[in-house]
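This report refers to the structure that appears directly beneath it.
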Number of protein chains: 2
Amino acid sequence: MREEKHRAAMRIGELAGRLGLNAKTVRYYESIGLLPMPPRTAAGYRQYGDADLERLRFVLKARTLGLSLEEIRDILTLRREGVAPCRHVAALVEQKLAAVDAQLRALAEFKQDLLTLAREAKNSVPSDTCVCGLIERHRPGRQGEALPLVSAGLRRRR
Amino acid sequence: MREEKHRAAMRIGELAGRLGLNAKTVRYYESIGLLPMPPRTAAGYRQYGDADLERLRFVLKARTLGLSLEEIRDILTLRREGVAPCRHVAALVEQKLAAVDAQLRALAEFKQDLLTLAREAKNSVPSDTCVCGLIERHRPGRQGEALPLVSAGLRRRR
DNA sequence: ATAAACCTTCCAGTCAACTGGATGGTCAAG
DNA sequence: CTTGACCATCCAGTTGACTGGAAGGTTTAT
């Protein structure tokens, strides 16, 4: 059995790279308190361990689901080992749970809307000559661009 | 039977008010092509009807679920009566459906994470003396403020 | 020992989605 | 016929979440 599982010390580039993000973003997350300030090497390089990887993974998951970085930070205070969570943060998690449930319902409903739209799209004659150009009268820019459509996430609105 | 269902003509303030948003926002949505340019009164006031109310309601629902305004605009081209939807937009709806399904799964998973967190919060001694102040060393500002926590929505990430 | 590929800080820019303010016209009530 | 609540446009500011660039130090491979 080889003791070769990726252990402890990695630098910011590796941490970021493993989760598919920019080192700048990791520093930014540290600056807003989402990630703790890690130990540094003699030269001042940040040193991350597996715990940081996990914490960041959680952040990314929550972010994908649309929580604001501020909310994620609040929720993460629960994870800080050794500190008693205040009622305030516990309540936050409760409320987030309720929001998640509401979201699950709304999402199911919206799925129906989309299905209706998709059905309509199939029933009418699909054409490759696109009418989408029409809506460009408002915002002229780049219509040759591929749609992003990557992933959706949950987000707070003001 | 009274013929008193709210009919046709309303101005921007009423439209916005009924859906709980700012008239400015409605104008902004028009400016980016989310809403069609409505007819105007002689004085230049925008006149909205029930169809506009419905369209805007759809926008809000999709927005709550986190689609970007640009994506919503694309999806809405499907609704424009009389025009054949191009494959491009039909494909968009298909992809959105897939995203919604993925989202439903991720949301369920995250709910489990939150439940774990909530359980931990209950097990450890809850205290009213809050440690949340600790994290304010990063971003000093306003800690007396009530948390917003309003609603969550689905959002695209770059 | 030098170049490439890292890392550091700091500051400024970008993008989406609003939001507000200035300035002025419209309309119904008193 | 004036007052207050609307409406219009235009332009500028804000917020959250990055992202890029400059200027410089470090590490590693050749």
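Each chain gets a letter, A, B and so on, in the order the sequences are listed, and its residues count up from 1.
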From D:dC6, D:dT19, C:dC18, nucleotide with atom closest to A:Tyr28 side chain: D:dT19
Whole-Å distance separating the CG atom of A:Asn22 from the P atom of C:dC6: 13 Å
Residue pairs fulfilling side chain to side chain donor-acceptor pair (under 3.5 Å) with at least one residue in residues 32-46 of chain B, sequence neighbours excluded: B:Glu30-B:Arg46
Whole-Å gap separating P (C:dA17) and CG (B:Leu21): 14 Å
Atom-pair distance (CD1 on A:Ile32; C1' on D:dC18), nearest Å: 10 Å
Identified side chain to side chain contact (heavy atoms under 4.5 Å, CB included) counterpart of A:Val59 within the set A:Leu19, A:Ile75, A:Leu67, A:Ile72: A:Ile72
Nucleotide D:dT26, atom P - distance to CD of A:Gln47 in whole Å: 15 Å
Candidates C:dG20, D:dT19, D:dT26 - which lies nearest the side chain of A:Ala43: D:dT26
A:Arg63 vs D:dC18: side-chain N/O to OP1/OP2 distance below 4.0 Å: yes
Short side-chain N/O contact from A:Tyr29 to OP1 or OP2 of D:dC18, under 4.0 Å: yes
Below 4.0 Å: OP1/OP2 of D:dC7 and any side-chain N or O of B:Arg46: no
Phosphate contact (D:dT9 OP1 or OP2) by B:Arg40 side-chain N/O below 4.0 Å: yes
Length of the line joining B:Arg73:CZ and C:dA17:C1', which is rounded to integer Å: 14 Å
Interatomic distance where CD1 belongs to B:Ile72 and C1' belongs to C:dC18 [whole Å]: 14 Å
Closest listed nucleotide, where the reference is the side chain of B:Arg11 and the choices are C:dT19, D:dA8, D:dC6: D:dC6
N/O (side chain, A:Thr41) to phosphate O (OP1/OP2, C:dC7) under 4.0 Å: no
Beyond-backbone contact of B:Ile32 with B:Arg73, side-chain heavy atoms, under 4.5 angstrom: no
Earlier contact from the 5' end, DNA chain C, for B:Lys24 and B:Ala42: B:Lys24
A:Glu30 CD - C:dC10 C1' separation (whole Å): 14 Å
Between C1' of C:dT8 and CE of A:Met37, the distance in whole Å: 15 Å
Nearest-nucleotide comparison on DNA chain D, the residue closer to the 5′ end among B:Tyr48 and A:Thr25: B:Tyr48
Heavy-atom check, side chain of A:Tyr48 versus side chain of A:Leu56, under 4.5 Å: no
N/O donor-acceptor pair under 3.5 Å between B:Asp52 side chain and B:Gly49 backbone: yes
Proximal nucleotide (of C:dC7, C:dC18, C:dC10) relative to the A:Tyr45 side chain: C:dC7
Proximal nucleotide (of C:dC18, C:dA17, C:dC7) relative to the A:Arg27 side chain: C:dC7
